[in-house]
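Below: one structure, written as structure tokens.
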Amino acid sequence: MTSPNPASADLFARGQAVTPGGVNSPVRAFNAVGGTPRFIRSAAGAWLTDVDGREYVDLVCSWGPMLLGHAHPEVMGQVQAAVARGTSFGTPTEPEVELAEEIVRRTPVERVRFVSSGTEATMSAIRLARGFTGRDVLVKFAGCYHGHVDALLAEAGSGVATFALPGTPGVPTSATDLTLVLPYNDRAAVTAAFAEHGPRIAALITEATPGNMGVVPPEPGFNEFLAATCREAGALFISDEVMTGFRATAQGGWGLDGAHEGWTPDLMTFGKVMGGGFPAAAFGGRADVMSHLAPEGPVYQAGTLSGNPVATTAGLATLRLATDEVYASLDATATTIKEAASAALADAGVAHRVQSAGTMFSVFFADGPVRDFAGASRQDTAAYAAFFHAMLDAGVYLPPSAYECWFVSAAHDDRAVQHVLDALPIAAKAAAAAQERTR
Ligand SMILES: *Cc1c(COP(=O)(O)O)cnc(C)c1O
């Protein structure tokens with residue numbers, strides 16, 4: 001039974017009258033789990049407070065950005081000082097140089113360009129890859145999300161090496177008929193696609209560790225294999241680190257478990273954590289590739305608010321505070337929560353699988369390991385919905401979809417973690433009861 005939440009219900013009704021579905025990004029509408037989305041009024045540290053005055057430990061963290069927790073005093077102080085100096089000048093500024101230096105220091109990219117969303121970052125990286133190689137074809141993996149870029153909102157065609165179909169109405173076939181969609185972790189499919197279309201392939205784009213179908217780590221050597229395949233074909237290897245960047249580890253997905261031994265992406269994309277809760281994202285990579293961007297080179301790309309001084313100040317403050325100790329504490333918190341979730345589900349007899357990438361993890365309501373989107377799709381989403389609502393009632397805000405990562409922050413202290421641990425056994429029993437009903 002869902003607790004009463006009249007103020008959220010009222011805002012949701014008003015929102016639906018003026019905004020499609022009452023939300024400005026679809027997953028927020030709770031369609032995958034049912035019920036009324038909670039409208040959040042404020043947040044501090046690990047806690048959200050909704051418009052009905054109810055509090056939740058936040059395991060979504062704005063879908064990743066809030067690495068240090070909400071309204072971090074030091075970050076807020078620097079942002080407020082930046083706001084007081086003026087919010088946008090349409091000129092270069094100091095914080096954007098400093099943030100670019102910080103990103104170049106922490107990652108393999110040599111040059112970086114700021115934009116305002118992850119979507120813009122991947123869209124621009126793809127344009128640059130096409131401009132640099134003089135080729136048109138893109139390769140992506142089913143279940144990897146790279147923002148709502150037309151060419152990437154694609155569904156696999158009828159065979160492995162056949163071109164894709166639009167994944168949504170509104171995307172013309174001309175936007176996806178240069179996109180190949182392959183099953184993740186499938187080397188044979190990659191080899192076949194490059195054998196057939198290699199000389200036309202501009203780039204392959206992948207998430208460093210996919211997190212947008214839940215966490216599905218690359219099998220050992222898979223990223224290295226992709227990089228080598230691209231290199232041989234003269235295509236660029238784009239590692240989308242919008243979610244994993246500065247989140248999975250201090251370096252991002254690239255820094256996972258020595259996963260980068262032997263490979264460096266030609267281009268990378270970043271967002272989420274590097275914006276510190278503001279709209280900032282970036283793409284970057286090899287200097288010779290990046291020099292093809294205007295004004296140095298011929299590939300056009302621009303943005304009125306790109307490198308905005310408030311957003312870059314927030315990102316810089318966040319990254320500077322994201323020390324090795326912060327990542328160690330995130331790791332410990334993530335481990336405690338994922339082990340407790342697994343134990344509670346096992347006790348209740350609910351089949352599940354926890355998969356992680358550094359400090360990111362997800363709990364699949366599925367039997368056995370998940371290595372691709374087809375595996376992720378075999379989840380018991382009804383059991384997840386029951387689990388989600390029981391956690392929500394107990395004051396824990398999980399992602400309102402079984403296909404998402406759980407995120408923790410450095411502000412998840414013992415009290416917040418204990419609150420989650422107390423809720424898990426109750427929610428696991430609710431999931432078991434939901435499975436009982438459908439049996
Ligand atoms: C969130 C995300 C994006 C899109 O970023 P937006 O800022 O939502 O446009 C792109 N790629 C990955 C891997 C993401 O997780």
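Remember, it's 1-based here, ligands and their atoms both numbered in the order they're listed.
Of the residues Thr244, Asn212, Thr269, the one that meets the side chain to side chain donor-acceptor pair (under 3.5 Å) test with Glu207 is Asn212.
Side-chain atoms of Arg371 come within 3.5 Å of backbone atoms of Asn185 as a donor-acceptor pair (strictly under, hydrogens ignored). A side-chain donor-acceptor contact under 3.5 Å links Arg247 to the backbone of Gly64. Of the possible polar contacts, none joining the Ser342 side chain to the Lys338 backbone as a donor-acceptor pair under 3.5 Å is found. No side-chain donor-acceptor contact under 3.5 Å links His148 to the backbone of Leu153.
Residues Phe270 and Phe246 place their aromatic rings such that the two centres sit under 6.0 Å apart.
Heavy-atom proximity to Tyr145, at under 4.0 Å, picks out these atoms of ligand 1: 11 (N), 12 (C), 13 (C). Atom numbering of ligand 1 starts at 1 in the shown order; those under 4.0 Å from a heavy atom of Asn212 are 12 (C), 13 (C), 14 (C), 15 (O). Heavy-atom contacts of Gly147 reach the following atoms of ligand 1: 3 (C), 4 (C), 10 (C) (cutoff under 4.0 Å). Heavy-atom contacts of Ser117 reach the following atoms of ligand 1: 7 (O), 9 (O) (cutoff under 4.0 Å). Near His146, the atoms of ligand 1 lying under 4.0 angstrom from a non-hydrogen atom of the residue are 10 (C), 11 (N).
Taking the centre and axis of the six-membered ring of Phe283, the NZ or CZ atom of Arg113 falls outside the cone set by 45° and 6.0 Å.
Any N or O atom pair closer than 3.5 Å counts here, and Glu207 shares no such pair with ligand 1. Polar contact with ligand 1: present for Gly118 (N/O pair, distance under 3.5 Å).
Ranking protein heavy atoms by distance to atom 11 (N) of ligand 1, first place goes to Asp240 OD2, 2.7 Å. The shortest contact between atom 2 (C) of ligand 1 and any protein heavy atom is with Lys272 NZ, 2.6 Å. Annotation: atom 3 (C) of ligand 1 to nearest protein heavy atom, Val242 CG1, 3.6 Å. The shortest contact between atom 8 (O) of ligand 1 and any protein heavy atom is with Thr119 OG1, 4.6 Å.
The CD atom of Glu404 sits 12.0 Å away from the CE atom of Met213 when rounded to the nearest 0.5 Å. Taking CG from Leu182 and OG1 from Thr206, the interatomic distance works out to 10.0 Å, rounded to the nearest 0.5 Å.
The residue Thr244 has no part lying near ligand 1, judged by heavy-atom distances below 4.0 Å. Looking at Glu241 against ligand 1, nothing comes within 4.0 Å, counting heavy atoms.
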